[in-house]
Amino acid sequence: MTSSKRKNKKGERVILHIDMDYFFAQIEERENPQFRGKPLVVGADPKKGKGRGVVSTSNYEAREYGIKSGMPISRSYKLCPDAIFLPVNMDLYKKVSERIFGTVKEFSSKIERISLDEAYLDLSKKVGSFKEAENIGKKIKEKIFEKENLTCSIGISKNKMMAKIACELAKPKGIRVITPEKVVGIISEMGVEVVPGIGPKTKDKLRKKLKKRDPKVRDAQIFSKEELINFFGKRGGEFYEKFRGKDSSPVKEEREVKTIGKEHTFQQDTKNPRKITSIFKQLIGDVYRQAKGRKVKGVTVTCRYEDFETHTKQTSFPAGEYDERFLIKKGTPLLLKFLTQSNKKVRLIGFRVTLYG
DNA sequence: AAGTTCTTATTAC
DNA sequence: CTAACGGTAATAAGAACTT
């Protein structure tokens with residue numbers, strides 16, 4: 001704040017990443033202390049409705065059985081039938097999240113919230129060293145624990161990517177600083193999937209290109225920027241920088257919403273047009289209310305069939321504020337095409353609006 | 001040929 | 001049965017269509 005503590009030598013940034021430890025499950029443990037120490041899975045109850053969902057979060061005891069986020073609940077049940085299975089109580093998690101990040105914001109208003117349990121802070125103007133940033137990080141952890149009785153992990157480095165990697169290394173319950181001198185050394189030895197934007201598909205391509213089962217960032221450093229752009233398009237150029245620990249993306253305090261949508265998976269696949277259209281209208285209603293007062297310029301309808309094949313259809317129109325009836329009028333014909341053009345049962349339908357301005 | 005619109009693929013949380 | 005699989009949003013790329 002004061003001009004004395006403004007910048008470190010080269011005007012390098014100081015970025016902090018905070019991530020709540022196994023957030024949803026940790027909240028449930030707090031609310032129900034008798035769950036502590038036992039495997040706990042938040043997602044859905046596999047006994048009720050047979051559970052078509054996936055694991056949202058599990059505690060560390062459950063992870064010992066191989067249970068992970070994103071895994072089908074049914075599979076997690078096989079891995080550990082004795083675990084405690086809970087449905088998602090999003091309203092509760094939202095409230096807790098609001099309180100936590102309200103507290104965090106008191107340490108720095110330059111904050112980008114990524115999800116209910118994650119955020120970045122840009123401390124560049126607040127601290128003159130990484131050591132100072134670490135002290136702030138410790139205070140944040142203490143404050144959250146004092147106020148909410150919940151633990152988090154914190155990573156600090158010179159950009160968002162490295163702060164996140166530092167945080168990952170600190171988990172659970174830890175804090176970790178990666179100073180600029182250490183950045184390249186650390187990231188070089190990690191798997192390429194630590195780079196944001198490199199998921200399973202891109203990793204697979206790198207695997208083939210490098211002829212390595214488990215390519216490391218170091219291996220990927222042999223590619224020139226041109227080669228990467230050639231291979232991965234626009235993203236390739238960013239990968240080149242990221243393979244060297246560089247990431248200039250700013251901490252964005254607010255980003256604008258461009259689309260709003262809702263989807264629904266049926267408990268059982270269905271072909272019943274009345275069942276489907278009834279849900280469809282509910283979705284539109286929900287989306288309409290969430291988009292309240294905003295100008296809309298298009299709608300997209302999603303349909304996933306029983307075999308998981310997923311398609312979308314969209315229509316656009318002059319931007320304007322429309323009523324719910326208009327959205328139904330635009331969306332329904334798209335939905336009907338899906339029902340007409342195939343005999344398959346429907347697993348999921350979705351409705352999304354594209355906003356203007 | 002250029003500019004929109006539509007569709008799919010991929011990623012992230 | 002082999003199989004398993006949410007919901008929300010962003011972004012990129014390419015095809016299809018218009019002007």
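Below, chain A is the first sequence line, B the second, and so on; all start at residue 1.
Using a 4.0 Å heavy-atom distance criterion, A/Glu256 is classed as a sugar-phosphate-only contact. Contact annotation for A/Glu193: no contact, since no heavy-atom pair falls under 4.0 Å across all strands. Residue contacts for A/Val257: at a heavy-atom cut-off of 4.0 Å it reaches the sugar-phosphate backbone alone, with no base atom in range. In this structure, A/Ser56 reaches neither bases nor backbone, as no heavy-atom distance under 4.0 Å exists between it and the strands shown. Using a 4.0 Å heavy-atom distance criterion, A/Lys262 is classed as a sugar-phosphate-only contact. Using a 4.0 Å heavy-atom distance criterion, A/Thr312 is classed as a base contact. The residue A/Arg113 sits apart from the nucleic acid: no heavy atom pair falls under 4.0 Å. Residue A/Leu348 is classed as a sugar-phosphate contact, given heavy-atom separations below 4.0 Å to backbone atoms only.
Side-chain contact between A/Ile111 and A/Val251 is absent, with no heavy-atom pair separated by less than 4.5 Å. Inter-residue side-chain proximity for A/Val104 and A/Ile144 is flagged as met; some heavy-atom pair is nearer than 4.5 Å. Within the 4.5 Å cutoff, no side-chain heavy atoms of A/Glu241 are placed close to those of A/Ser248.
For the pair A/Tyr93 OH and C/dT8 C1', the interatomic distance rounds to 17 Å; values are reported in whole Å. Here C/dA9 presents its P atom at 9 Å from CD of A/Glu263, a figure rounded to the nearest Å. Summarising the geometry, the separation between OH on A/Tyr356 and P on B/dT5 is reported as 12 Å, rounded to the nearest angstrom. Whole-Å rounding puts the A/Asn89 CG to C/dG6 P distance at 21 Å. Between the CD atom of A/Gln314 and the P atom of C/dA16 there is a distance of 15 Å, rounded to whole Å. Across the protein-nucleic acid pair, A/Ile349 atom CD1 and C/dG6 atom P stand 14 Å apart, rounded to whole Å. Following rounding to the nearest Å, A/Lys78 (NZ) and C/dA4 (P) show an atom-to-atom distance of 9 Å. As rounded to whole Å, 12 Å separates atom P of C/dC5 from atom CD of A/Gln268.
Here the closest non-hydrogen pair linking A/Phe101 and A/Glu118 is CZ-N, 3.8 Å.
When each of B/dT10, B/dC13, C/dG6 is scored by its nearest atom to the side-chain atoms of A/Lys201, the top-ranked nucleotide is B/dT10. Residue A/Ile114 has its side chain nearest to B/dC13 when only C/dA4, B/dC13, B/dC6 are considered. The listed nucleotides are B/dC13, B/dC6, C/dT8; the one nearest the side chain of A/Thr315 is B/dC6. Closest to the A/Lys313 side chain, of the nucleotides C/dA9, B/dT7, C/dA12, is B/dT7.
A sub-4.0 Å separation between OP1 or OP2 of C/dA9 and a side-chain N or O of A/Thr259 is absent. Checking the phosphate oxygens (OP1, OP2) of C/dC5, no side-chain nitrogen or oxygen of A/Thr265 falls inside 4.0 Å. Residue A/Arg352 has no polar side-chain atom (N or O) positioned under 4.0 Å from OP1 or OP2 of C/dT8. Put simply, A/Lys258 has a side-chain N or O that comes within less than 4.0 Å of OP1 or OP2 on C/dT11. For the OP1/OP2 pair of B/dT7 and a distance below 4.0 Å, the side-chain nitrogens and oxygens of A/His311 include no atom meeting the criterion. Using a 4.0 Å cut-off, no side-chain N or O of A/Thr310 falls inside it from OP1 or OP2 of B/dT8.
In this structure, A/Glu64 places its CD atom where only 12 or fewer heavy-atom neighbours from other residues, nucleotides or ligands lie under 6.0 Å away.
Residues A/Lys344 and A/Glu309 are paired through a salt bridge, judged by an N-O separation under 4.0 Å between the basic side chain and the carboxylate.
Aromatic ring centres of A/Phe317 and A/Tyr322: separated by under 6.0 Å.
Across the interface with DNA chain C, nearest-nucleotide mapping of A/Phe232 and A/Arg255 shows A/Arg255 to be the residue nearer the 5′ end.
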